[in-house]
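Quick notes on the structure that follows.
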Amino acid sequence: MSNEHRLLLFEGNIVTLAVDAIVNAANKSLLGGGGVDGAIHRAAGRQLLDECRDLNGCRVGQAKITAGYKLPAKHVIHTVGPIWSGGNSKEPEKLGDCYRNSLAIARDMGLKTIAFSAISTGVYRFPGLKAAEIALTESFNHVSTYDHPAQVIFVCFDAKTRAYYEEAWTKIHPNA
Ligand code: ADP
């Protein structure tokens, strides 16, 4: 399979995916929140919160892995995206770190399939197109270098987010 075909878009709810890991857009406490974080904790059940309590939080750009509990996904990788504050506070670099560090955990654990939420693009207000470009660039670089994960899925919760990924893909791979 070509490396381009190892990246996929899925429009829908991340908690429905039976993959090796879903990536949660968490906050620094790792103790749950709104948006996709709340949806993942509700679907996974109380045991996820119990495991997260032992992780002592997570810094922006870093990632930590837990089990998936009641989710169809085997694991949850929790990463903390940057809060957008105009773009001059290294927000793009920090968002890139989220993707690189999550993919490195998946690689080190030999995971085959990983599904990312659109980190930072909700309450944290990171511009959607720019975020999609970073997600696709970092993931393409990773799959071009490593065998694991074999497949990277970008979960778009709505049509607008999907359109950003499609536009970003065309910018990055005009002939693909
Ligand atoms: P952040 O605080 O990092 O911005 P949010 O959870 O507010 O995180 O939003 C991140 C993205 O996740 C947004 O694009 C939002 O539409 C999307 N989202 C919210 N709920 C779900 C869900 N159940 N599955 C997939 N994506 C979701």
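Numbers for residues simply follow the sequence, beginning at 1. Remember, it's 1-based here, ligands and their atoms both numbered in the order they're listed.
Some N or O of Tyr124 is nearer than 3.5 Å to an N or O of ligand 1, by distance alone.
Close approach to Ile14 involves these atoms of ligand 1, each under 4.0 Å from a residue heavy atom: 24 (N), 25 (C). Counting atoms of ligand 1 from 1 in the listed order, those under 4.0 Å from a heavy atom of Ala39 are 23 (N). Close contacts of ligand 1 with Ala25, meaning ligand atoms under 4.0 Å from a residue heavy atom, involve 3 (O), 8 (O). Against a heavy-atom cut-off of under 4.0 Å, Ala118 is close to the following atoms of ligand 1: 10 (C), 11 (C), 14 (O). Shown in contact with Val155 at under 4.0 Å from a heavy atom are these atoms of ligand 1, numbered in order with element: 25 (C). The Phe157 neighbourhood of ligand 1 comprises atoms 16 (O), 17 (C), 18 (N), 19 (C), 20 (N), 21 (C), 22 (C), 23 (N), 24 (N), 25 (C), 26 (N), 27 (C), with distances under 4.0 Å to a heavy atom of that residue.
Panel note: side chain Asp37, backbone Ala26; no donor-acceptor pair is recorded below 3.5 Å. Of the possible polar contacts, one joining the Ser120 side chain to the Pro82 backbone as a donor-acceptor pair under 3.5 Å is found.
Nearest-heavy-atom check against atom 13 (C) of ligand 1 across Asp158, Asn13, Thr121 picks out Thr121. Proximity annotation for atom 9 (O) of ligand 1: of Cys98, Gly122, Gly128, Ala43, Gly122 comes nearest, heavy atoms only.
For atom 3 (O) of ligand 1, the nearest non-hydrogen atom of the protein is Ser120 N, 2.9 Å. The protein atom (non-hydrogen) at minimum distance from atom 6 (O) of ligand 1 is Val36 N, 2.9 Å. Regarding atom 7 (O) of ligand 1, its nearest protein heavy-atom neighbour is Val123 N, 2.9 Å.
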**Prompt:** Can Thr161 and Asp158 be said to form a side chain to side chain donor-acceptor pair (under 3.5 Å), step by step?
**Reply:** CA-CA 6 Å; Thr161 303; Asp158 51 30; 2.5 Å; yes
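Cys58 is not listed as a side-chain neighbour of Thr79, based on a closest heavy-atom distance of 4.5 Å or more. Residues His75 and Met109 are in side-chain contact: their nearest non-hydrogen atoms beyond the backbone lie under 4.5 Å apart.
Scanning both residues, Ile14 and Ser117, for their nearest heavy atoms gives CD1-N, 3.6 Å.
Under the 4.5 Å side-chain heavy-atom criterion for ILVMFWY residues, a single connected hydrophobic cluster contains both Ile172 and Phe154. Each of Tyr164 and Val155 belongs to its own hydrophobic cluster when Ile, Leu, Val, Met, Phe, Trp and Tyr are linked at side-chain heavy-atom distances under 4.5 angstrom.
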